[in-house]
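Data first, discussion second: the structure below is written as structure tokens.
Please read these numbers as outputs of a predicted model, since none were measured by experiment.
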Amino acid sequence: MDEDRVDRVVLARLRRSSLSVSEVRRLLREHDVEAEQIDGWIDRYERLGYLDDRSFADQLAASLVERKGYGAGAVLAELQRRGIDQALARETVDALDGDDERSRAIELAAERVRRMGSLDRTAAVRRLSGYLQRRGYSGDVVREAVNAALDGAHV
């Protein structure tokens with residue numbers, strides 16, 4: 001693949017969405033860029049400021065927390081799925097505010113309780129717990145959020 005085409009392909013993808021270094025590597029391999037040339041392309045995009053895994057991880061984590069209501073576990077899994085280095089992914093998740101996570105989980109649980117109707121407490125606990133666990137909240141946060149939501153809703 002000629003250099004202009006490599007640039008067009010990668011920059012077109014970067015214009016649509018931020019990518020990790022790992023994702024750009026995969027994109028280059030998919031477009032038959034020689035393995036020994038890939039590091040050169042990655043270095044070039046990093047020098048130009050188009051690739052920065054730390055910034056990408058921070059932005060993705062903030063977006064997952066704010067827009068999707070994800071807990072730390074789900075954020076960590078998504079960062080790893082997107083090819084972020086394990087240590088950087090862990091560091092990014094550790095920087096998230098634990099108090100905000102608890103508040104968000106309680107808010108999500110309370111909102112869910114309002115839509116559950118008249119379930120008995122055991123069924124409500126089971127459903128709320130599963131819902132929050134699927135969103136990546138830890139066991140302690142889930143227990144606290146479920147109890148707060150159910151006690152506040154008087155279910």
Side-chain angles (χ1 to χ4, degrees), residues 6 9-31 33 35 38-116 119 121-153 155:
V6 169
V9 167
V10 172
L11 294 178
R13 287 288 304 274
L14 287 169
R15 272 189 221 108
R16 282 186 281 171
S17 65
S18 297
L19 299 172
S20 69
V21 168
S22 175
E23 291 171 323
V24 171
R25 279 186 195 286
R26 187 175 324 117
L27 178 66
L28 292 171
R29 280 193 300 268
E30 288 170 3
H31 284 84
V33 174
I38 290 177
D39 284 339
W41 283 105
I42 295 296
D43 289 343
R44 179 176 185 273
Y45 293 126
E46 285 178 331
R47 268 194 327 272
L48 294 172
Y50 297 142
L51 290 177
D52 178 354
D53 271 0
R54 178 169 300 280
S55 173
F56 173 75
D58 289 342
Q59 290 172 359
L60 182 58
S63 173
L64 292 171
V65 166
E66 295 300 320
R67 293 186 182 162
K68 295 191 173 190
Y70 281 8
V75 171
L76 181 63
E78 182 63 15
L79 290 172
Q80 290 173 338
R81 189 188 72 74
R82 300 286 301 263
I84 299 298
D85 172 72
Q86 175 96 17
L88 177 57
R90 171 52 61 195
E91 184 181 317
T92 302
V93 169
D94 288 346
L96 297 174
D97 188 339
D99 291 337
D100 283 352
E101 183 177 50
R102 279 187 164 67
S103 298
R104 203 172 35 260
I106 290 170
E107 197 174 297
L108 285 170
E111 182 182 312
R112 195 69 164 200
V113 163
R114 286 191 289 275
R115 291 190 277 154
M116 291 176 107
L119 289 177
R121 188 171 178 99
T122 303
V125 166
R126 189 180 61 246
R127 287 191 183 180
L128 282 173
S129 296
Y131 171 72
L132 292 173
Q133 287 168 346
R134 286 190 299 278
R135 291 192 167 277
Y137 291 97
S138 69
D140 291 343
V141 172
V142 168
R143 248 184 317 280
E144 184 179 335
V146 167
N147 287 332
L150 292 176
D151 292 343
V155 174

ask   = About how many Å separate CD of Q80 and OG of S22, when rounded to the nearest 0.5 Å?
value = 12.0 Å
query = Does the E78 side chain pair with the main chain of L64, one donor and one acceptor, at a distance under 3.5 Å?
reply = no
message = Rounded to the nearest 0.5 Å, what separates atom CG in L19 from atom CG in L60?
response = 11.0 Å
remark   = Of all heavy-atom pairs linking V141 and A105, the shortest is CG1-CB, 3.5 Å
query = Should E101 and L96 count as side-chain neighbours, where that means a heavy-atom distance under 4.5 Å?
reply = no
ask   = When you look at L11 and Y45, which way does the side-chain contact (heavy atoms from CB on, under 4.5 Å) test go after all the steps?
value = CA-CA 9 Å; L11 294 178; Y45 293 126; 4.1 Å; yes
query = What's the shortest heavy-atom distance between A149 and I106, and which atoms?
reply = CB-O, 4.5 Å
ask   = Using 4.0 Å as the upper bound for N to carboxylate O, is an ion pair formed by D99 and R102?
value = no
task = Side-chain contact test, heavy atoms from C-beta onward, threshold under 4.5 Å: evaluate it for R121 versus L150 and give yes or no.
result = yes
request  = State whether R26 and E30 are salt-bridged, where the test is any N-O pair (Lys NZ or Arg NE/NH1/NH2 against Asp/Glu carboxylate O) under 4.0 Å.
outcome  = no
inquiry  = Treating R44 as the side-chain partner and G40 as the backbone partner, does any N or O pair qualify as donor plus acceptor under 3.5 Å?
reply    = no
ask   = So, R90 and D85, do they make that salt bridge, N to O below 4.0 Å?
value = no
key: Salt-bridge criterion met for D100 and R104 (N-O under 4.0 Å)   = no
ask   = Can a donor-acceptor pair be found between the side chains of R127 and Y131 at a distance below 3.5 Å?
value = no
inquiry  = Within the structure provided, determine whether V10 and L27 are in side-chain contact (heavy-atom separation under 4.5 Å).
reply    = yes
ask   = Would a distance-only check, ignoring hydrogens and angles, find a side-chain to backbone donor-acceptor pair under 3.5 Å from S63 to Q59?
value = no
task = Over all heavy atoms of both residues, which pair between A61 and V75 is shortest? Give the atoms and the distance, please.
result = CB-CG1, 3.7 Å
query = What closest approach, in Å, do R135 and A74 show between heavy atoms, and which atom pair accounts for it?
reply = O-CB, 3.3 Å
R54 and T92: CA distance, side-chain angles, deciding distance, side-chain contact (heavy atoms from CB on, under 4.5 Å) verdict = CA-CA 8 Å; R54 178 169 300 280; T92 302; 5.7 Å; no
query = Any side-chain heavy atom of E46 sitting closer than 4.5 Å to one from D43?
reply = yes
Worked verdict on V6 versus H31 for side-chain contact (heavy atoms from CB on, under 4.5 Å) = CA-CA 8 Å; V6 169; H31 284 84; over 6 Å; no
ask   = Take atom CZ in R82; do more than 12 heavy atoms of anything else shown fall under 6.0 Å from it?
value = yes
key: Reported CG-to-CZ distance for the pair L132 and R143, which is rounded to 0.5 angstrom   = 12.0 Å
message = Can you confirm whether L51 sits close enough to F56 that some side-chain heavy atom of one is under 4.5 Å from a side-chain heavy atom of the other?
response = no
key: side chain to side chain donor-acceptor pair (under 3.5 Å) partners of Y70, counting only residues at least two apart   = none
query = Can you tell if the side chain of L108 reaches within under 4.5 Å of the side chain of R112, non-hydrogen atoms only?
reply = no
message = Just so I know, are the side chains of E111 and E107 near enough to count as touching, which here means a heavy-atom distance under 4.5 Å?
response = no
inquiry  = Could you tell me if the side chain of L88 sits less than 4.5 Å from the side chain of D53, heavy atoms only?
reply    = yes
